[in-house]
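Here the structure comes first, spelled out in structure tokens, and everything after it is commentary.
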2 protein chains.
Amino acid sequence: MERLPKRQRHQELSRLIEENPFLTDRELTRLLKVSIQTIRLDRLELAIPELRERLKMMAERSYDPVRSLPLHEVIGEIVDLQLDKSGISLFEIREEHVFSRSGIARGHHVFAQANSLAVAVINDEIALTASADIRFIRPARLGEKCIAKAYVRSSGSQKGKAKVEVFTYVGDEMVFQGNFVVYRSRAAGGMESEGGDARENRD
Amino acid sequence: MERLPKRQRHQELSRLIEENPFLTDRELTRLLKVSIQTIRLDRLELAIPELRERLKMMAERSYDPVRSLPLHEVIGEIVDLQLDKSGISLFEIREEHVFSRSGIARGHHVFAQANSLAVAVINDEIALTASADIRFIRPARLGEKCIAKAYVRSSGSQKGKAKVEVFTYVGDEMVFQGNFVVYRSRAAGGMESEGGDARENRD
DNA sequence: TTCATATTGATACCTGGTGCCAAATATGGA
DNA sequence: TCCATATTTGGCACCAGGTATCAATATGAA
């Protein structure tokens, strides 16, 4: 029965569309040397939508305000949080975080994870980084999972500044260490801000 | 002649499509209470492409590997660069960078601009942030344009560590100040990396 | 009224498909 | 070899969301 050619074509078709979603069925006929009906049967079996649907999905994804604003979110996934005490977050170094030629993470991403966590761990309506003293112990590389641990060293309880120490590890190797001073305020005091902010660090 | 209704409709049409590019002409007829031909004449005059073209453009923009990985790029636009001496970059605080309730920029974005610039200003194949001592003088707010100025204080010429001082201003107010220590290396020395990286900070 | 601009209608045609049915063409096994 | 099944191809009607073009009406100002 030799089903392989068909399966191979399916693989090839999937690959082609994945690497260039802008291909029409007609263009695919030229690439795969089969009729346009076959292409369409194949797409049907593989549940690959037509060109226009693919473009629409891409447009929607890029238009989705949540997805299109990844920077807005807390960097890293917070897996443990004891307010005013400690917190842990995970962050995987992906393609978009590294220098492409070396696979080493750009420093601000590692910093962003630590900073997000330092702010999140403070139990107050407003929490803003005031200053930080940081060290990149060794580079974090593509694919590595960074575990950041934050400890509140002096909270000042209700107002003023809190000191938060953050250590980031890959496995048992420390890659980053930082001492953060975080402004905290329940009302519109401290710095020049108003509105509750600390809460949105926990979303 | 009362041309206003037409111009108003044009304005309204532009606004509607801008805020929802997924509208078909037929949906627009319902919103603007004119015939579909009028909608199409209007689009023609305003040079607004048809729905499918709009979706395709959006898909292409989001598919562009450079644009689709905004985190990968240097944060901020580098407007002046004298290698091993100084550099200036611009960065506008946008919706996606702030705490939504207060409109204050998350610290790591301001840091990212400074860090990107500190690394970019180093004229070497590899440049990685080793440590930094930073202060957030006052919060940067939505809509503000941050101007970061970096000065290389001690370059160590060929290898080792360089000190870079970065000051970020909004207008003439300083919002951030940081002292960066940047590893530099032409070969695979210094830290544990290889491959040329400094070059890609200038792309 | 008359003239110019705006708007609407109508029709043919386009791309990139879907859906369905039938025919042609492998392909493999008894 | 022949048959059954799988696979591929062809053909036709139809669809959305348009473009292009020509004609028919408003509408409003001089």
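Lettering of chains follows the sequences in order, A, B, ..., and the numbering in each one begins at 1.
- Among the protein residues, I36(A) comes within range of no part of the nucleic acid, since none of its heavy atoms lies under 4.0 Å from any strand.
- When rounded to the nearest whole Å, the span between CD1 of I48(B) and C1' of dG18(D) equals 15 Å.
- Of the side-chain N and O atoms in R9(A), none sit less than 4.0 angstrom from OP1 or OP2 of dT7(D).
- Here the side chain of L41(A) is nearest to one of dT9(D), dG17(D), dG17(C), namely dT9(D).
- Salt bridge E50(B)/R43(B): absent, no basic N to carboxylate O contact under 4.0 Å.
- The side chain of R43(A) sits closest to dG17(C) out of dG17(C), dG18(D), dT9(D).
- Atom NZ of K6(B) is separated from atom C1' of dA4(C) by 12 Å (rounded to the nearest Å).
- Across all strands, R40(B) comes closer than 4.0 Å to base atoms (heavy-atom distances).
- Atom-to-atom, CG of L32(B) to C1' of dT7(C) comes out at 14 Å; the value is rounded to the nearest Å.
- Using a 4.0 Å heavy-atom criterion, one finds that L44(B) contacts no nucleic acid atom at all.
- Between R7(A) and E45(A) there is no salt bridge, since no side-chain nitrogen of the basic residue lies less than 4.0 Å from a carboxylate oxygen of the acidic one.
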Requested in this report: Kindly determine whether R15(B) and E12(B) satisfy salt bridge (charged side-chain N to carboxylate O under 4.0 Å, His left out), including the steps that lead there.
Outcome: CA-CA 5 Å; R15(B) 195 186 60 73; E12(B) 190 68 2; 2.8 Å; yes
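- In this model, the phosphate group of dT8(C) is approached by a side-chain N or O of T38(B) to a distance below 4.0 Å at OP1 or OP2.
- Atoms CG (D25(A)) and P (dG19(C)) sit 13 Å apart, rounded to a whole Å.
- Within 4.0 Å of R54(B), counting heavy atoms only, lies no atom of the nucleic acid at all.
- Counting distance only, with no hydrogens placed and no angle test, the side-chain atoms of R52(A) and the base atoms of dG17(C) include no donor-acceptor pair under 3.5 Å.
- A straight line from CD of Q37(B) to C1' of dA26(D) spans 14 Å, rounded to a whole angstrom.
- The CG atom of D42(B) sits 16 Å away from the C1' atom of dT19(D) (whole-angstrom rounding).
- Nearest approach of I48(A) to R54(A), heavy atoms of both residues: CG2-NH1, 3.9 Å.
- Taking atom NZ on K33(A) and atom P on dT25(C), their separation rounds to 21 Å, with Å as the unit.
- E50(A) comes within 4.0 angstrom of sugar-phosphate atoms only, judged by non-hydrogen atoms across all strands, and of no base.
- Taken from CD in E27(B) to CG in L16(B), the straight-line distance is 11.0 Å, to the nearest 0.5 Å.
- Put simply, CZ on F22(A) is 13 Å from P on dG17(C), counting in whole angstrom units.
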